[in-house]
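Below: the structure, in structure tokens.
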Amino acid sequence: MTFALAVKDWSSSPLEFNAPLLSRMGVPTTHTAGALASIYNENRHHVRSNGDTDQETNVTSIFERQSLAAKLYAAKQSAKQYASVFGSRISQEWRKNLFWQLDELLSEEEWDEDNAILDLESWKSFLTGMFVIRPAKRPGIGITENGNVVASWGNVSEHLDMEFRPGNEARWVLSAIVDAQFERSAESGSVLRLLERLAPYSPERWFGC
Amino acid sequence: MSAEFPARQYRFPPITEAVVEFRFASPISRDEQDQISSKSAKYYPNLSEISNRHFHIEVDKGTAEVTETTTNLRRTNADENEIFLITPQSFNISQLPLYEGWVAFRQRFQRDWEIAKSILGYRKLERLGIRFINRLDFPFEDDLVHPAKYLNVYINHPTQYGVMQSSAIQTRYFVEDLNANMTIQSATVESPLPKHLGILLDIDIGREDDVPQKDDDIFTYFEQVRLFKNQVFEASITDATRERFSSDLRLGS
Amino acid sequence: MAVKKGQDLPETNHVIRHVTSGKLRRDDARNILGVRWDGLQPKAHEGLSVNWLEFHDGAMVDKVKAAFDLMSSKRNFKRGDVLAKMNVGTTRHAAESSGKKIRVVYAPIDGNHGHAEIRNMPSEDEGFLDIIASTIQVDDCISCKPLLELKTTIASGEDPPIDA
């Protein structure tokens with residue numbers, strides 16, 4: 001028994017799974033160029049330049065051998081590509097600003113080598129969180145030591161720092177003046193319930209809406 | 001079809017990827033790929049090289065050998081939403097969001113076609129393809145999304161089956177006016193929006209027969225395809241979906 | 001005033017903490033708004049590493065430059081990082097108002113004799129660390145960029161720029 005296997009490492013449209021079926025029907029398709037590719041987090045075969053094919057468990061080891069510049073570039077690329085999943089729901093101004101902040105945050109000149117590279121799953125949680133909150137005011141973006149995105153609003157006395165974790169989880173620290181009293185809180189919970197959890201602190205003070 | 005489904009402009013179209021493909025009858029060389037890639041670098045500064053290995057595996061003997069190695073050159077802009085993919089057989093120009101309208105997209109792929117032609121000269125085209133992949137996101141209502149409310153392309157099934165968990169449809173047509181084949185695919189997908197379901201509406205129109213070879217004919221053909229594709233899109237969705245385009249969840253204005 | 005190793009620093013004195021760029025609270029234009037709680041997070045069971053400013057002589061600006069030079073032998077600074085200046089007394093009182101007793105002690109190490117530590121800072125209490133971070137005003141965040149440029153200028157043998 002013989003079979004031929006063509007292995008690619010770039011993903012294409014989610015409907016590309018139909019391509020083999022269409023081929024058997026003798027139907028050519030217009031090949032997409034990779035709307036949802038994620039270099040190091042997708043469950044893909046990766047073909048190295050020397051011709052060896054790695055199963056997905058070895059993708060991490062390839063990634064670890066990349067230079068810092070390559071890792072940072074890959075992280076930026078994946079984050080920007082993922083943002084395209086939201087289509088035109090992210091306005092030009094938001095897109096431009098988020099991508100600029102990403103470029104600055106993940107620049108080799110600024111990068112702390114002790115930091116883990118940006119976790120794509122955290123970035124996904126962050127974008128989901130933004131669509132839950134839909135703030136009028138864009139956050140400043142930072143990163144924790146383990147590569148999680150942090151969104152910040154406010155100033156020294158009244159602020160909200162929100163760390164986004166994989167799987168739509170978040171942890172936040174806030175300080176606010178509520179009824180003339182300083183309130184501080186450090187909590188965690190689901191990204192999907194952020195507005196309910198923040199409601200007692202009148203979050204419009206940070207989000208502008 | 002045009003009278004029944006007039007063209008509309010949407011400020012926020014649900015396009016997740018628009019692709020134009022020029023496929024050649026015979027392969028282009030690696031050197032030609034490299035030249036096209038270099039010449040387009042100022043528009044697409046980021047380059048990835050992707051090797052494709054074809055293996056012949058003799059399972060009974062337990063042996064394998066590489067039968068073919070080809071390379072795709074994938075160029076992107078800084079924002080990673082404009083892609084120029086150069087393969088030995090074709091080149092594909094993709095636009096990811098934000099899709100800034102047909103005119104801007106056409107200008108881009110026409111420019112890239114000129115770049116390729118400046119290197120290749122005349123090469124016989126075997127296929128011209130346009131593909132628009134839309135993702136429509138619908139909110140759950142009591143944990144359900146009713147496709148019939150939003151789409152005219154959906155699976156109709158007996159209620160005895162119960163609640164559908166997922167679906168995928170694929171239909172194929174011959175479009176006489178364009179002398180082209182159209183493949184419509186639609187499938188449920190995870191939506192990135194909270195408490196929403198995504199439904200892909202993928203319209204792929206490709207011509208393999210009597211393919212235009214001259215520039216004027218090629219781009220006239222693309223304009224015709226685009227108009228037809230718009231009508232197909234309008235025919236596929238309901239007014240309930242159209243209303244959502246202006247009221248949908250959005251970041252920024 | 002002489003302080004021995006392991007002794008508490010005077011309340012009127014200051015320490016500086018190296019905070020990396022990613023741990024700063026910024027707005028969407030990347031202006032610094034303050035230090036995030038994780039910018040002051042010590043490793044588990046360790047003190048928070050800082051440098052004592054009054055270890056050095058001169059005006060505050062000279063103390064900062066001297067401390068930066070000492071710290072540079074042990075740490076890798078980037079242009080986007082800051083030195084967060086903290087008043088010893090303010091920091092201690094902020095901790096006490098939250099029911100915790102911290103110490104700011106002189107703790108010289110090889111290659112950095114100006115090193116100090118803030119001890120008893122809980123590494124997993126974000127709320128407490130945020131209170132301490134909130135004592136650091138925006139003006140207390142000293143950009144590392146000019147300090148790095150000054151080091152480069154001196155290393156290249158050029159005359160350093162005159163402070164305006």
Side-chain angles (χ1 to χ4, degrees), chain A residues 1-10 12-15 17-18 21-22 25 27-36 39 47-49 51 53 73 76-78 80-96 99 103 124 127-128 130-132 134-135 138 168 191-192, chain B residues 12-17 19 21 46 48-60 66-67 69 72 74 76 79-81 83 85 90 92-94 96-99 127 129-131 133 135 168 170 172 181 183 185 187 189 192-195 200 202 204 206 208 248-253:
Chain A
M1 176 172 75
T2 64
F3 62 91
L5 174 70
V7 178
K8 298 179 185 178
D9 78 337
W10 46 273
S12 38
S13 158
L15 286 178
F17 73 88
N18 279 330
L21 171 63
L22 289 169
M25 291 165 61
V27 175
T29 54
T30 302
H31 293 304
T32 65
L36 298 173
I39 290 177
V47 181
R48 283 192 268 189
S49 57
T53 304
Y73 168 71
K76 270 190 276 188
Q77 190 184 38
S78 296
K80 288 177 181 180
Q81 285 180 354
Y82 181 75
S84 72
V85 163
F86 290 88
S88 58
R89 288 187 183 75
I90 302 180
S91 70
Q92 184 72 286
E93 307 82 53
W94 263 79
R95 185 181 304 271
K96 212 169 152 184
F99 286 6
D103 286 339
K124 290 179 183 178
L127 286 177
T128 301
M130 291 304 100
F131 275 92
V132 168
R134 277 180 293 147
R138 285 186 297 262
N168 283 341
V191 160
L192 302 179
Chain B
F12 303 113
I15 297 167
T16 59
E17 187 171 358
V19 193
E21 181 183 65
N46 302 324
S48 306
E49 289 194 21
I50 305 135
S51 292
N52 298 310
R53 306 285 175 165
H54 293 253
F55 299 92
H56 185 89
I57 300 173
E58 292 273 358
V59 175
D60 296 339
V66 177
T67 56
T69 299
N72 296 345
R74 185 174 185 272
T76 57
D79 279 353
E80 298 290 334
N81 66 342
I83 305 170
L85 181 68
S90 67
N92 300 51
I93 299 101
S94 261
L96 308 188
L98 282 170
Y99 177 76
R127 185 179 190 270
I130 285 189
R131 186 172 180 182
I133 304 170
R135 195 193 68 246
Q170 187 190 93
R172 185 165 138 78
N181 295 301
T183 306
Q185 299 188 80
V189 291
L193 298 180
K195 300 176 188 169
L200 288 180
D202 179 344
D204 183 358
E208 294 91 37
D248 245 353
L249 295 181
R250 217 167 296 285
L251 290 181
S253 53

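Naming convention: chains lettered A, B, ... in sequence-line order (proteins, then strands); numbering from 1 in each chain. None of these values were measured; they are calculated from a predicted model.
Ranked by heavy-atom pairs under 4.5 Å with chain B, the list Met130(A), Gln92(A), Lys96(A) is led by Gln92(A). Counting heavy-atom pairs closer than 4.5 Å to chain A, the top-ranked of the candidates Pro14(B), Pro194(B), Pro192(B) is Pro192(B).
Looking at Thr76(B), only its side chain comes within 4.5 Å of chain A, counting heavy atoms on both sides. In this structure, chain B has heavy atoms under 4.5 Å from both the backbone and the side chain of Arg134(A). Interface remark: Phe99(A) contributes side-chain atoms only to the contact with chain B (heavy atom separation under 4.5 Å).
For the pair Arg172(B) and Asn181(B), the minimum side-chain heavy-atom distance is below 4.5 Å. Between Ser90(B) and Arg127(B) the shortest side-chain heavy-atom distance does not fall below 4.5 Å.
Side chain of Ser88(A) to main chain of Pro13(B): a donor-acceptor pair is present (N/O by atom type, distance under 3.5 Å, no hydrogens or angles). Side chain of Thr16(B) to main chain of Ile133(B): a donor-acceptor pair is present (N/O by atom type, distance under 3.5 Å, no hydrogens or angles).
Using modelled atom types and a 3.5 Å distance limit, the side chains of Glu80(B) and Asn46(B) yield a donor-acceptor pair.
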